[in-house]
Amino acid sequence: MPGIDKLPIEETLEDSPQTRSLLGVFEEDATAISNYMNQLYQAMHRIYDAQRFPLGGDDEVMSSTLQQFSKVIDELSSCHAVLSTQLADAMMFPITQFKERDLKEILTLKEVFQIASNDHDAAINRYSRLSKKRENDKVKYEVTEDVYTSRKKQHQTMMHYFCALNTLQYKKKIALLEPLLGYMQAQISFFKMGSENLNEQLEEFLTNIGTSVQNVRREMDSDVETMQQTIEDLEVASDPLYVPDPDPTKFPVNRNLTRKAGYLNARNKTGLVSSTWDRQFYFTQGGNLMSQARGDVAGGLAMDIDNCSVMAVDCEDRRYCFQITSFDGKKSSILQAESKKDHEEWICTINNISKQIYLSENPEEIAARVNQSALEAVTPSPSFQQRHESLRPAAQSRPPTARTSSSGSLGSESTNLAALSLDSLVAPDTPIQFDIISPVCEDQPGQAKAFGQGGRRTNPFGESGGGTKSETEDSILHQLFIVRFLGSMEVKSDDSPDVVYETMRQILAARAIHNIFRMTESHLLVTCDCLKLIDPQTQVTRLTFPLPCVVLYATHQENKRLFGFVLRTSGGRSESNLSSVCYIFESNNEGEKICDSVGLAKQIALHAELDRRASEKQKEMERVKEKQQKELSKQKQIEKDLEEQSRLIAASSRPNQASSEGQFVVLSSSQSEESDLGEEGKKRESEA
């Protein structure tokens with residue numbers, strides 16, 4: 001016989017929409033079998049009734065009327081009596097048993113399963129509404145016990161229901177073949193009574209059908225025994241899973257998943273402040289998160305989770321909630337898991353998918369390696385420090401390459417970083433700040449002096465609010481980006497991009513180890529004067545970083561969503577020296593664009609400074625030139641005055657000669673004027 005399609009009993013506990021859809025197919029098949037069997041039963045019942053009425057041996061009218069045919073009628077009556085008995089035993093009995101026992105069992109199990117499923121859904125809803133603020137041990141115990149009882153009842157009922165439907169696939173073949181076989185055998189026996197020459201080929205065919213029916217029956221008995229054993233094993237193994245929040249020591253969290261499926265509660269807003277929670281089946285498919293309601297044939301796209309961000313959130317009065325934000329920041333969804341284990345596994349799975357690990361050949365192996373690297377990569381380990389101290393005397397007598405070989409055993413992510421000692425990049429015992437601490441007073445003029453005065457108290461992030469609003473508005477460059485703050489820590493060097501790479505590695509590793517998934521989302525405004533972190537809700541400036549203090553910026557070499565910059569400030573650990581703090585952010589796949597924007601802002605600021613200096617130099621040159629022109633004009637005026645004076649002196653010293661006859665010499669008007677001027681010049685000289 002060909003293979004029999006079966007319902008998977010192992011998937012009854014998960015109760016996924018795919019399993020429900022397959023169950024619906026089997027239920028439709030059972031309904032079709034039931035309708036067909038009712039019609040077949042009525043048809044065969046008519047055949048059975050037709051054999052009893054016209055040829056009854058006790059029919060006195062027929063016997064008296066047909067005296068001459070009495071012998072034949074008696075023989076025919078006896079033959080039909082035998083045929084009627086054989087039809088009742090071989091045809092009517094199997095189909096009656098199938099109709100009254102097997103089909104009614106399926107209908108009864110269907111009703112019981114529906115009741116158990118409804119009770120389980122009601123218990124899950126009551127458990128999901130448990131308050132995390134006002135926990136009542138008695139209520140929590142009652143609700144947990146209710147979930148345990150209803151889930152166990154649903155699982156057991158569903159397994160028996162699946163077993164009955166799987167058995168029905170065998171029984172329907174038997175129920176179809178046995179009545180027809182009985183009918184044919186009864187008719188053949190009937191005809192044998194009247195004829196000794198029976199077709200041997202037909203008899204062989206019926207024999208083969210009988211053998212096939214027996215084989216199906218034996219196969220059904222074997223499969224039923226196997227399914228009963230599977231049900232017993234699954235009941236024992238699934239008992240701890242009936243509790244909604246299983247013990248994490250017995251069922252540890254798997255952080256290496258790249259595929260996951262299960263029921264989640266999704267929050268849907270119905271108004272400004274009101275919202276509802278819908279329980280749906282969610283599963284990952286490649287880089288997509290799919291959702292499927294119960295009863296749907298296939299799932300639909302809920303969100304594209306490639307390059308997305310996921311973090312745990314506190315939502316209303318519900319536990320185990322997390323938020324998924326798409327790569328462009330335009331779409332977000334808040335979901336609630338059933339248990340803490342599911343909560344952490346969903347976050348880790350979506351985080352692994354967001355890194356596109358699923359595209360590799362062995363995604364779970366790569367995810368395990370990435371998580372293991374993250375666990376081993378948090379700050380310098382004691383073993384590394386001991387190796388470093390033991391190699392330090394030898395490093396003094398050897399070339400500088402000896403230090404490179406001693407630190408290269410760490411297996412760093414960057415080949416350039418392997419050539420540097422970890423102590424030269426990150427200060428030892430450096431705390432990591434995972435959240436933004438906004439300054440107490442923002443945009444105050446006196447706050448800008450914190451960078452230049454080491455004795456004054458500085459903000460923990462070293463930012464300055466010196467740039468006024470008018471200066472920011474007058475800036476040539478205005479670019480806004482959506483970023484999420486990952487963390488910051490003090491570094492010892494700011495002359496290589498490896499500092500940013502090492503800080504990224506340590507902050508991401510620390511987040512993975514301490515299960516810190518929460519990130520503060522902000523708007524990063526890049527101008528020619530400063531970098532500003534702005535609250536997207538209130539538009540209040542959280543932090544301000546002066547652009548001249550941003551001395552280094554870089555994007556992660558593999559994950560282009562990560563970027564960071566180093567801010568050089570006064571104060572820090574040593575109040576008399578400058579300190580450097582590295583800030584790490586996650587963007588919506590715009591890390592390179594943000595770094596390019598910061599570089600452009602620094603270029604614009606540099607050109608503006610050069611233009612300012614050139615303008616000041618030009619003005620200085622113009623002032624010098626103007627001063628020289630004034631001196632030259634003054635000198636010319638002095639020379640002109642001296643020339644005029646010398647001419648007047650020469651004119652005044654000319655002798656005035658008279659004629660011998662006592663006649664006067666007549667002077668022209670010009671000569672008289674010169675003589676007058678000469679006299680005035682003499683007077684001036686005498687006065688001088």
statement: Note: Leu257 and Asn254 closest approach over all heavy atoms is CD2-ND2, 3.2 Å
message: Given 3.5 Å as the limit, does a donor-acceptor pair link the side chain of Asp296 with the main chain of Ala298, or not?
response: no
- line: So CG of Leu264 and OG of Ser333: to nearest 0.5 Å the spacing works out to 9.0 Å
- prompt: Is any side-chain heavy atom of Ile350 less than 4.5 Å from a side-chain heavy atom of Ile324?
  reply: yes
- request: Tell me yes or no: between the side chains of Glu219 and Asn215, is some donor less than 3.5 Å from an acceptor?
  value: no
query: Is the closest side-chain heavy-atom distance between Met290 and Gln285 below 4.5 Å?
result: yes
Pairing of Asp342 and Lys260 as salt bridge, 4.0 angstrom limit: yes
Modelled atom types, side-chain donor and acceptor of Gln18 and Gln292, under 3.5 Å: yes
query: Counting distance only, does the side-chain N/O of Ser150 pair as donor-acceptor with the main-chain N or O of Val147 below 3.5 Å?
result: yes
- request: Show your reasoning for whether side chain to side chain donor-acceptor pair (under 3.5 Å) applies to Ser117 and Arg20.
  value: CA-CA 11 Å; Ser117 179; Arg20 288 295 184 105; 2.8 Å; yes
field: Nearest-0.5 Å distance, OG1 of residue Thr96 to OH of residue Tyr41
entry: 4.5 Å
message: Please report the interatomic distance CD(Glu586) to CD1(Ile482), rounded to the nearest 0.5 Å.
response: 12.0 Å
- prompt: Any sub-3.5 Å donor-acceptor pair from Ser222's side-chain atoms to Arg218's backbone N or O?
  reply: no
- prompt: Which pair of heavy atoms, one from Pro17 and one from Tyr263, lies closest together, and at what distance?
  reply: CD-OH, 4.0 Å
field: Residue pair Arg259 / Thr284: nearest heavy atoms and the distance that separates them
entry: CA-OG1, 3.2 Å
task: Give a yes or no on whether Phe93 atom CZ has more than 12 heavy-atom contacts from other residues, nucleotides or ligands under 6.0 Å away.
output: no
field: Donor-acceptor under 3.5 Å (Ser189 side chain, Gln185 main chain)
entry: no
- prompt: Would you say the side chain of Gln323 lies within less than 4.5 Å of the side chain of Leu335, judging by non-hydrogen atoms?
  reply: no
field: Heavy-atom pair of closest approach, residues Leu130 and Arg319
entry: CD1-NH2, 4.1 Å
field: Atom pair CD1/CG of Ile106 and Asp29 - distance to nearest 0.5 Å
entry: 10.5 Å
- request: Mind running side chain to side chain contact (heavy atoms under 4.5 Å, CB included) on Gln169 and Met220 for me, showing each step along the way?
  value: CA-CA 9 Å; Gln169 303 303 311; Met220 180 192 69; over 6 Å; no
message: Do Gln156 and Glu235 have side chains that approach each other closer than 4.5 Å (heavy atoms only, starting at C-beta)?
response: yes
task: Evaluate the side chain to side chain contact (heavy atoms under 4.5 Å, CB included) criterion for residues Lys153 and Phe113: first the C-alpha distance (whole Å), next the side-chain angles of each, then the deciding distance (0.1 Å), finally the verdict.
output: CA-CA 9 Å; Lys153 180 180 178 182; Phe113 167 70; over 6 Å; no
- prompt: CD1 of Ile231 to NE2 of His155: how many Å apart, nearest 0.5 Å?
  reply: 8.5 Å
message: I'd like to know if Lys172 pairs up with Asp102 as an ion pair, taking the criterion as any Lys NZ or Arg NE/NH1/NH2 lying under 4.0 Å from an Asp or Glu carboxylate oxygen.
response: no
- prompt: Should Asp304 and Lys331 count as an ion pair when the cut-off is N to O under 4.0 Å?
  reply: no
message: I'd like to know if the side chain of Asn268 pairs up with that of Thr276 as donor and acceptor (distance under 3.5 Å, no hydrogens or angles considered).
response: no
message: For a quick test of reading the model, state the closest non-hydrogen atom pair linking Gln228 to Cys163 and the distance between them.
response: NE2-SG, 3.9 Å
message: I'd like to know if the side chain of Ser34 pairs up with that of Thr31 as donor and acceptor (distance under 3.5 Å, no hydrogens or angles considered).
response: no
query: Does the side chain of Ile124 reach to within under 4.5 Å of the side chain of Ser128, using non-hydrogen atoms?
result: yes
query: Any side-chain heavy atom of Gln356 within less than 4.5 Å of one from Asn307?
result: yes
- prompt: Can we say Glu178 and Arg217 salt-bridge, meaning some charged N sits less than 4.0 Å from an Asp/Glu carboxylate O?
  reply: yes
task: Apply the test side chain to side chain contact (heavy atoms under 4.5 Å, CB included) to residues Phe98 and Leu176: give CA-CA distance (whole Å), side-chain angles for both, the deciding distance (0.1 Å), then the verdict.
output: CA-CA 10 Å; Phe98 179 76; Leu176 288 173; over 6 Å; no
- prompt: When the ring planes of Phe322 and Trp346 are compared, do they come out parallel, tilted or perpendicular, using 30° and 60° as the limits?
  reply: parallel
query: How about Gln114 and Tyr161: does a side-chain donor come under 3.5 Å of a side-chain acceptor?
result: no
message: Could you work out, with ring pair (Phe, Tyr, Trp, His ring centres under 6.0 Å) as the rule, every residue matching Tyr170, not counting sequence neighbours?
response: none
task: Start with the C-alpha distance between Arg255 and Val253, add both sets of side-chain angles, then the distance that settles side chain to side chain contact (heavy atoms under 4.5 Å, CB included), and finish with yes or no.
output: CA-CA 6 Å; Arg255 304 183 185 279; Val253 178; 4.2 Å; yes
query: Any chance CZ of Phe327 has more than 12 other-residue heavy atoms, nucleotides or ligands included, within less than 6.0 Å?
result: no
- line: Taking every heavy atom of Pro244 against every heavy atom of Arg151, the minimum-distance pair comes out as CA-NH1, 4.1 Å
- prompt: So does Arg101 pair up with Glu105, basic N to acidic O under 4.0 Å?
  reply: no
message: Just so I know, are the side chains of Thr258 and Glu364 near enough to count as touching, which here means a heavy-atom distance under 4.5 Å?
response: yes
- request: Kindly say whether Cys308 contributes a backbone atom to a donor-acceptor pair with the side chain of Arg561 at under 3.5 angstrom?
  value: yes
message: Treating His343 as the side-chain partner and Glu338 as the backbone partner, does any N or O pair qualify as donor plus acceptor under 3.5 Å?
response: no
task: Dump the intermediate steps for salt bridge (Lys or Arg N to Asp or Glu O under 4.0 Å) on Asp278 and Arg267, then the final yes or no.
output: CA-CA 7 Å; Asp278 296 332; Arg267 190 183 75 167; over 6 Å; no
message: Could you tell me if the side chain of Leu234 sits less than 4.5 Å from the side chain of Glu10, heavy atoms only?
response: yes
- prompt: Between Lys152 and Tyr242, is NZ or CZ placed under 6.0 angstrom from the six-membered ring centre and within 45° of the ring axis?
  reply: no
- line: CE of Met158 to OG1 of Thr12, rounded to nearest 0.5 Å, is 6.5 Å
